[in-house]
Amino acid sequence: MSESHDLSTARFAPLPSDYSSAPSAAEETVLGLWRSEGTFAALQAARAQGEPFVFWEGPPTANGKPGIHHVLARTLKDSVCRWQSMLGHRVERKAGWDTHGLPVELEVEKRLAISGKPQIEQYGVGAFNAQCRESVWTYKQDWERLSERIGYWLDYSQPYITYDETFVDSIWHILARMHARGLVYRGKKVLPFCGRCGTGLSSHELGQPGVYKEIPDPSVYVRFVLAGEQGAERESLLAWTTTPWTLPSNIALAVHPEREYVRARVALPVHKGAEKGSAGHEILWVVAERAKAVLGEFAELGRKLGRELAGAQYRPVFEVAVPEVDPGAWTPDPSASHRVYTADYVTVEDGTGIVHQAPSYGADDWEVARKHRLVVKQAVGAEGRLVCDIAGAPEAAKFGPAAKGTFFKDADKALVKDLKNRGLMFRDAEETHSYPHCWRCNTALFYFAAPAWFLRTTALKQRMIEHNRRIRWIPGEVGSARFGEWLENNIDWNISRDRYWGTPLPFWVCSGCDHEVSVGGREELRQRAGKLPDGFDLHKPTVDAVTLACERCGGTMRRTNAVLDCWFDSGAMPYAQHGWPHVPGSERKLRDQFPASFICEGLDQTRGWFYTLHAIGAFMTQEFPELGDTPAYRTCLVNGLVLDKDGVKMSKRLGNIVNPWDAIAKHGVDAVRWYLVASAAPWLPKRFDPDALAEVQRGFFGTLANSYRFFQEYARIDRFDPADARIPAPSARPEIDRWLVSRTQSLVRDVRRRFTDFDLAGGARALETFVVDELSNWYIRRNRRRFWKGETGADKLAAFATLHEALRSVALLMAPLAPFTAELLWRRLESARGSVHAQLAPRADERLVAASLEQGIEVVQRLVVMGRALREKAGQKVRQPLRALHVRSSDAAALELLRSRFAGELVLDELNIKGWGSLGADDGQLCKLSAKANFRTLGKRLGARMKAAAAKIEALDAPRLAALRGGTSVALDLDGESVEVTPEDVLVSVQSTATFDVETDGRFVAWLDLELDAALVAEGLAREAVNRVNTLRKETGLAVEDRIVLELAPEGAELAAALRAHESFLAGETLALRVLHLAAGSLPESASWDLGHGQNLRARIARA
RNA sequence: GCGCCUGUAGCUCAGUUGGUUAGAGCACCCGCCUGAUAAGCGGGAGGUCUCUGGUUCAAGUCCAGAUAGGCGCACCA
């Protein structure tokens, strides 16, 4: 592979021949170069003394394959980091791996073909965790290979790994500090629970297919009899439930505060045949919206708002001693029991608008309980079975009381019968609804308040809110709305998980006196325990084997069984990645790399990593003021999901996942990166469209490569040297060069500003416009001849230098986004300066920006467009020279410009027109002036009078318009008030009044002199001939530099004369050494063309 | 259910602090050019800026509501 050799050494070497057809291969050579040269390490070393720009890598988990969305996130991170390096900053890019957590366990369970906690315990926690430790590296190779391939520069030599001893050790220290501040407490967390597996389920597990099943359940309406004085007719609150088994644990009722509740008098049910109402009546409360549906016939006795019912007391439905549990987060108030409370979550779609509250068995119920400090009862334990006998009344026994040990689902029937028997059951039916089941064992789940450890983040709420205001969120709404709201509604963080593979919680609790300690690290544990067993590891189960002596009562302290929420791991990475504070030198590293200047992850991390970093940071900066009073990260760039081309989320199930390797192999990773970054704002969901990707490759990269090829071909032939002393200074170059120089500097300024402001898409777009429209399609196309003409003079050198500088700037500016192509170009353009990624970003030289020149080219381009349109209308191809172009304009400056050689010749040459016919101010014969108000300037000044003013301005007469054009202000009469109107306030435009074809854009009126004389026709014919001959050259397979002998046999005197008259032009354009003019009909076997004007040509060529 | 984002040409997207002819690229049709050539250029067609209402002299842009899609959170007593 001589290619990689060329890469580093050869000035103006061609791009790899397959760069456009198979960019992937060319990119691989760059990777090889980076590898052999150690480019990344060298860059990092070169920036070692730079100002730090702190970047934190959000750790991916390596037990899933990386997908195309990871390419997006990594491209954004990489591009920002590369750019910051180019600004001279030191950007450390420490890799990290997220290795703990439930997904890992599930993967291992699958592999071992076991399922559920009992089976894991049977398998052995030690062996299980060993498997987990291995499992997380399943796809490590994939990640590293893909990261390298996409050019994501990351330091994999010293990655942080969340299961590492130093990492866990650090987390223990942080938790101990939190514990010491009283921020850690034992509470209860209501979560879906499987009694058989004895475990809570994560929301992820609840989302598994088949979890929700349609099953029949009781649907019962229960009377909660009001306490206190009862009249002749019993008065009750009616509540609906589908889980009678929770009724023994009932502690309150909830109503909606703003709904109306009806006090209804209804007939008591009677036996068949008896007269309605003969058994008497009762009074029931239900929400107004449901009264008819629930009660049928009733007499309304009154109404109350829900909040007016609040506080009412009722008699418990079961008078049994159900065990109470300590909620942890509050101290229960027994006097609050069996009362009505208000809650916004109460709905009126079904039920009665009165919801029975059993805090242990519902998250909403738990919230109500927390708010009102309710007692928490648990008639059903973690195994899903009754923990005590339930019998409301002695006679219930004959129905078979719900006995201790009954599975909760099986208890329903007995409880319903008991309630019915005691007259508390208003209605009893069965209803089919969807109910969650354990995805492992298919057992019906129940919500259950399980013991859990909490971090009192509510104590940090104000600090978090205040810090959030100082984070630059991109886009802003994520911070102000999504994240801000999440902080406003902050609740304490449940940091415990009843699992196996995770950072063990460092909390030891005394089995005697319940005293708890938090251990701040391995060394502290060793000291407290005396010694640690052989093969000790800061994971389960070895850590569980360590017991401590209680300092209070001398009893045995055991570690709490739970492990840490693995989100805490990643949120603690700013500190734990350095092993702070136990690892020597970590303190210095931490201070250097805190806070982050920049992080970047998917929107799904708002409540994930973004939050955990923020919350832990809020604590740490408070605890360690030397870290500064700052949020953990200063800028957070959020990226959206990558969807398939139809806007559907990619999933294995649908088979619409885009394999990043396929896309890269086909189009090259630069195109993929460019497409992902430039196709839309990074935070919007992105549709991945392979066709659009191909377009990026063709449109942008293809054009750029073509531009370089053009430059390179001639630069080599002429041995152009960018350091040649004869190159004219920019100010001494032709206007067209100064224009491109100016545009180049404007581009540098624009892209620099945008990239520094994290606007990668905006920078990419600016680069696209520049390369495709300005550099390639205008500058190069217009100036081709300057490069291939014979002598190397100042003009040629100016052209070379101008193009070289433009390409050079493009290579530098595109480097962060398209690191491979940039490198390929740069090493050829600047062969002695090493990698493009080690360069400093260019700075715009404002002295070279010429606004007037840029505006001038705009005028030129507008006239060219108009001229082409005129040719189109007249049916005159560009090859046919025309005599003249006429222009009228009210813009004196523009006319002056067109009179200049520079702009005038550009227009005429581009349009193949011999000269200007007339070029002047509107004379009123072919066009007239019309005026329109400039709303932008006048609107603010005039406000409501704008409309009237606009009408007056449109009605301005010619003299006054002329005055305005001349730069004089004019007075307008608006309702008797005189208003001064400046030329800037009026947009004067021209309109054609001509009877022949003209073009106008409001600023210019243009028309063509279409009259052809013999000379023009002859020249046109000559050009046609050149075109045909050159086409023939190509068809014949001649190389561009091949010389030919050209034999022409024109069939017509006019053509014959034209060809003789323009023989040298013909010969020059076709590289003919000799041109033979033959008689008509002498080349019967040759190519024959109709050149127009009734002229046919036969010709033959041969290599000379 | 709650919150956030998005809805502009057939497709993918721009659209400045509100300012009067709403743009680009692709695709399509027509034409052109070709010593950058597995490129390039021009022209054309294509829009009730999702809908309704409001604020304003002026709304794609601001406000409210509706609607469709996406995402997140919660819940189904």
Side-chain angles (χ1 to χ4, degrees), chain A residues 20-21 203 212 239-243 246 254 345-347 349-352 354-358 361-365 433-436 475 477-478 480-483 485-486 489 602-604 606-607 640-641 643 645 647-649 678-681 683-687 689 691-692 694-696 698-699 702-703 705-714 761-762 765 768-769 772 776-777 780-781 784-785 787-788 864-865 867-869 871-873 875 877-879 910 932-940 942-950 987 1002 1027 1030-1031 1033-1034 1040-1041 1069-1071:
Chain A
S20 290
S21 54
S203 55
Y212 281 89
W240 174 65
T241 183
T242 55
T243 55
T246 60
Y345 81 87
V346 174
T347 62
E349 272 94 63
D350 44 24
T352 63
I354 301 174
V355 182
H356 118 79
Q357 302 289 292
Y361 308 107
D364 282 330
D365 306 36
H433 66 160
S434 86
Y435 193 87
E477 304 84 45
V478 175
S480 58
R482 199 180 273 244
F483 196 62
E485 200 145 323
W486 164 252
N489 298 325
L603 186 60
D604 53 340
T606 310
R607 277 128 164 113
L641 263 82
L643 311 170
K645 68 187 289 279
V648 180
K649 195 174 176 173
S679 67
W683 52 89
L684 298 176
K686 226 167 290 286
R687 301 184 175 201
D689 181 1
D691 294 339
E695 172 55 27
V696 166
R698 237 192 5 253
T703 304
N706 245 331
S707 301
Y708 174 74
R709 277 192 204 109
F710 175 85
F711 167 80
Q712 167 274 315
E713 200 168 306
Y714 295 103
R765 290 207 174 101
E768 275 174 8
T769 305
V772 175
S776 172
N777 293 342
I780 294 183
R781 193 172 54 78
R784 276 177 295 194
R785 279 168 193 273
F787 291 88
W788 74 63
V864 166
V865 167
R868 289 212 177 101
R871 273 186 173 277
E872 179 97 6
K873 274 186 208 165
K877 357 177 119 172
V878 179
R879 271 192 295 260
E910 186 74 8
K932 197 174 243 178
N934 183 350
F935 282 79
R936 201 183 275 268
T937 59
L938 282 171
K940 247 178 218 141
L942 299 181
R945 292 178 300 173
M946 186 65 225
K947 243 180 196 155
L987 307 169
N1027 168 245
N1030 277 335
T1031 307
R1033 279 183 61 111
K1034 194 171 142 192
V1040 287
E1041 66 273 15
E1069 293 294 308
T1070 62
L1071 294 187

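A note on names: the letters A, B, ... follow the listed sequences, proteins ahead of strands, and every chain is numbered from 1. For the numbers below, each heavy atom of this structure counts, side chains included, while hydrogens, waters and symmetry mates do not.
- Distance from the side chain of A/Arg868 is smallest for B/G42 among the nucleotides B/C32, B/G42, B/A77.
- In this structure, A/Arg781 reaches the bases: a heavy-atom distance under 4.0 Å links it to at least one base atom across the strands shown.
- With C1' as the reference atom, B/U12 and B/G3 are 29 Å apart, rounded to whole Å.
- Checked against B/A77, B/U17, B/G25, the side chain of A/Glu695 finds its nearest nucleotide in B/G25.
- Going from the C1' atom of B/G69 to that of B/C28 covers 28 Å, rounded to whole Å.
- Whole-Å rounding puts the A/Arg871 CZ to B/G31 P distance at 17 Å.
- Side-chain proximity of A/Arg765 to B/G42, B/A14, B/A36: nearest is B/A14.
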Every protein N/O within reach of nucleotides 4-6 of chain B N/O, cut-off under 3.5 Å:
{"unit_1": "B/C4", "atom_1": "O2", "unit_2": "A/Arg482", "atom_2": "NH2", "d": "3.1"}

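- Judged by distance alone with a 3.5 Å cut-off, a donor-acceptor contact links the side chain of A/Arg936 to the base of B/U17.
- Heavy atoms of A/Ser776 sit under 4.0 angstrom from at least one base atom.
- Within the 4.0 angstrom heavy-atom criterion, only backbone atoms of the sugar-phosphate kind lie near A/Ala363; the bases stay farther away.
- Between B/G42, B/A36, B/A77, one nucleotide has an atom nearer to the side chain of A/Thr241 than all others, and that is B/A77.
- For A/Arg784 and B/A39, the CZ to C1' distance is 10 Å, given to the nearest whole Å.
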Polar atoms only, N or O, under 3.5 Å: list the protein pairs with nucleotides 55-59 of chain B and their distances.
{"unit_1": "B/C57", "atom_1": "O4'", "unit_2": "A/Ala944", "atom_2": "O", "d": "3.4"}
{"unit_1": "B/C57", "atom_1": "N1", "unit_2": "A/Gly943", "atom_2": "O", "d": "3.2"}

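- Residue A/Asn1030 is classed as a sugar-phosphate contact, given heavy-atom separations below 4.0 Å to backbone atoms only.
- Among the atoms of the strands shown, none is found under 4.0 Å from any heavy atom of A/Asn934.
- Of the P atoms belonging to B/C76 and B/U61, the separation is 40 Å, rounded to the nearest Å.
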Base-pairing string, 5' to 3', of RNA chain B - Watson-Crick or wobble, under 3.5 Å, | interstrand: (((((((..((((.....[...)))).(((((.......))))).....(((((..]....))))))))))))....

